[in-house]
2 protein chains.
Amino acid sequence: MISTSIEMDKAAVLLKLLGDKTRLTMMKILDNHDCCVCEFVEIFQVSQPSISQHLRKLRDIDLVKEERRGQWIFYSINKTHEFYPFIEQILSQLPSQDDKLNKLEEQGSRITCC
Amino acid sequence: MISTSIEMDKAAVLLKLLGDKTRLTMMKILDNHDCCVCEFVEIFQVSQPSISQHLRKLRDIDLVKEERRGQWIFYSINKTHEFYPFIEQILSQLPSQDDKLNKLEEQGSRITCC
DNA sequence: TAAGTATATAACTATTTGCTTATATAGTAA
DNA sequence: TTACTATATAAGCAAATAGTTATATACTTA
């Protein structure tokens, strides 16, 4: 059946996107907090373009939204995505990543940046 | 925390494995039925080595088990896997792939082979 | 035993991926 | 305006991926 086939296609695409530790952690964080690019750069200790490219992949299929706030661009989860319930159910089974944001806060990186 | 990090690692590895349409469909089928290699070859219309290689990846992290039955080697889901509940919850949200096995049955491929 | 069938592995290839550095774009503030 | 900050994009590269064909292994059956 065509609809079935399309859904498996879409599911595989989503799972592949989540099948990268950086993106998976991003999504887990974004599920509870909006974040800007520079925060992710700090958290993952990779280059800013690398973070931008991960976010672009997530944005390209509408999993996340971007919103400019002054100098910064904040990313948030798109909870209206057709597949958000699917994604959410996966994310809910992962350990909280709040410690990473807390660490930023302690460093002052969260406040400085956003 | 190290344990958290390890779990995100493992989850990403699992999701990456599921993030391939062939393997995802295999897992969905195996969740309800044992299958042998030649059935998958018929279903996916790719070469036998390609199927063997996908199954090997799934077996390498113990997601599936193999069992010889006479001339054939049957694969089944390893329901005792530490992460099986995680996997199962994903698979449960996918459309049934039974039509693919039914089609084999109609062709006589299922009976002939296994 | 020899021939046939099922599966695994090896070797190769084209494509995709995730990273990097360099640069472009866009907003902020002096 | 000019300098600065935040982000995106381009280009290039090494590694990973998924497929192929050729071949090896292992069981079945005559």
Side-chain angles (χ1 to χ4, degrees), chain A residues 8-9 12-27 30 34-76 104 108-114, chain B residues 8-9 12-27 30 34-76 104 108-114:
Chain A
M8 290 298 280
D9 280 354
V13 167
L14 290 170
L15 293 170
K16 178 179 280 187
L17 275 172
L18 294 183
D20 172 275
K21 197 191 168 189
T22 300
R23 283 192 299 266
L24 185 63
T25 308
M26 278 178 163
M27 288 293 287
L30 288 174
D34 295 0
C35 272
C36 67
V37 178
C38 56
E39 288 178 309
F40 284 131
V41 171
E42 191 64 30
I43 288 171
F44 293 109
Q45 296 287 306
V46 292
S47 67
Q48 172 266 314
S50 175
I51 295 297
S52 278
Q53 286 156 13
H54 281 303
L55 287 167
R56 190 180 212 297
K57 288 182 187 184
L58 296 174
R59 208 189 43 197
D60 277 351
I61 59 163
D62 275 337
L63 279 185
V64 302
K65 299 177 293 186
E66 62 166 40
E67 178 201 356
R68 179 172 284 275
R69 294 186 204 158
Q71 200 164 359
W72 298 281
I73 295 180
F74 275 73
Y75 282 84
S76 58
L104 279 198
S109 306
R110 189 121 213 253
I111 293 161
T112 298
C113 170
C114 313
Chain B
M8 290 298 281
D9 281 355
V13 167
L14 291 170
L15 293 169
K16 177 178 283 185
L17 276 172
L18 295 182
D20 173 273
K21 196 190 168 190
T22 301
R23 282 191 301 263
L24 185 63
T25 307
M26 277 178 165
M27 287 292 287
L30 288 174
D34 295 0
C35 273
C36 66
V37 177
C38 56
E39 287 177 309
F40 284 131
V41 171
E42 192 63 31
I43 288 171
F44 295 109
Q45 296 288 306
V46 293
S47 66
Q48 172 267 315
S50 175
I51 296 297
S52 277
Q53 285 156 16
H54 281 303
L55 287 168
R56 190 180 213 295
K57 288 182 186 185
L58 296 174
R59 208 190 43 197
D60 277 351
I61 60 164
D62 276 336
L63 279 185
V64 302
K65 299 177 292 182
E66 62 165 41
E67 177 200 357
R68 180 173 283 276
R69 294 189 202 156
Q71 200 163 358
W72 299 281
I73 294 181
F74 275 74
Y75 282 83
S76 57
L104 280 197
S109 306
R110 189 123 215 254
I111 293 159
T112 299
C113 171
C114 311

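A note on names: the letters A, B, ... follow the listed sequences, proteins ahead of strands, and every chain is numbered from 1. Only a predicted model underlies this, so the values are computations on that prediction, with no experimental measurement involved.
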Under 4.0 Å: is that the gap between some side-chain N or O of [X] and OP1 or OP2 of [N]?
{"X": "S50(A)", "N": "dG18(C)", "value": "no"}
{"X": "K57(A)", "N": "dG18(C)", "value": "yes"}
{"X": "H54(B)", "N": "dG19(D)", "value": "yes"}
{"X": "S47(B)", "N": "dT20(D)", "value": "yes"}
{"X": "R68(B)", "N": "dA26(D)", "value": "no"}

Between [X] ([atom1]) and [N] ([atom2]), how many Å, whole number?
{"X": "W72(A)", "N": "dA8(D)", "atom1": "CH2", "atom2": "P", "result": "15 Å"}
{"X": "L55(B)", "N": "dT7(C)", "atom1": "CG", "atom2": "P", "result": "10 Å"}
{"X": "K21(A)", "N": "dT17(C)", "atom1": "NZ", "atom2": "C1'", "result": "18 Å"}
{"X": "L24(B)", "N": "dA18(D)", "atom1": "CG", "atom2": "C1'", "result": "16 Å"}
{"X": "R69(A)", "N": "dT7(D)", "atom1": "CZ", "atom2": "P", "result": "12 Å"}
{"X": "F40(A)", "N": "dA6(D)", "atom1": "CZ", "atom2": "C1'", "result": "15 Å"}
{"X": "L18(B)", "N": "dA18(D)", "atom1": "CG", "atom2": "P", "result": "12 Å"}
{"X": "F44(B)", "N": "dG19(D)", "atom1": "CZ", "atom2": "C1'", "result": "15 Å"}

DNA chain D: 5'-proximal contact among Q71(A) and P49(A) (nearest heavy atom):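 Its nearest nucleotide being more 5', the pick is Q71(A).
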Nearest-nucleotide 5' precedence on DNA chain C, Q45(A) against G70(A): Q45(A)
Could you check which of [options] has an atom nearest any side-chain atom of [X]?
{"X": "Q53(A)", "options": "dT21(C), dA8(C), dC19(C)", "answer": "dC19(C)"}
{"X": "E66(A)", "options": "dA8(C), dT9(D), dA8(D)", "answer": "dA8(D)"}
{"X": "I73(B)", "options": "dG19(D), dA8(D), dT7(C)", "answer": "dT7(C)"}
{"X": "Q48(A)", "options": "dT9(C), dT20(D), dA8(D)", "answer": "dA8(D)"}

Separation between CE of M27(A) and CG of L55(A), rounded to the nearest 0.5 Å: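 Going from the CE atom of M27(A) to the CG atom of L55(A) covers 10.5 Å.
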Pairwise distance CD(Q53(A)) to OG(S47(A)) - rounded to 0.5 angstrom: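 The OG atom of S47(A) is 7.0 Å from CD of Q53(A), to the nearest 0.5 Å.
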Touch class at under 4.0 angstrom, heavy-atom based, for R23(A) against every strand present: sugar-phosphate
Touch class at under 4.0 angstrom, heavy-atom based, for Y75(A) against every strand present: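 Y75(A): backbone/sugar contact only, no base atoms under 4.0 Å.
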Qualifying residue for side-chain contact (heavy atoms from CB on, under 4.5 Å) with Y75(B), from E39(B), R59(B), M26(B), K65(B):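 The single option meeting the side-chain contact (heavy atoms from CB on, under 4.5 Å) with Y75(B) is R59(B).
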Residues E67(A) and R69(A) bridged, charged N to O under 4.0 Å: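 Result for this pair is yes, salt bridge flagged.
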Test log, rule side chain to side chain contact (heavy atoms under 4.5 Å, CB included), inputs V46(B) and F40(B): CA-CA 9 Å; V46(B) 293; F40(B) 284 131; over 6 Å; no
T25(A) and K21(A): CA distance, side-chain angles, deciding distance, side chain to side chain contact (heavy atoms under 4.5 Å, CB included) verdict: CA-CA 6 Å; T25(A) 308; K21(A) 197 191 168 189; 4.3 Å; yes
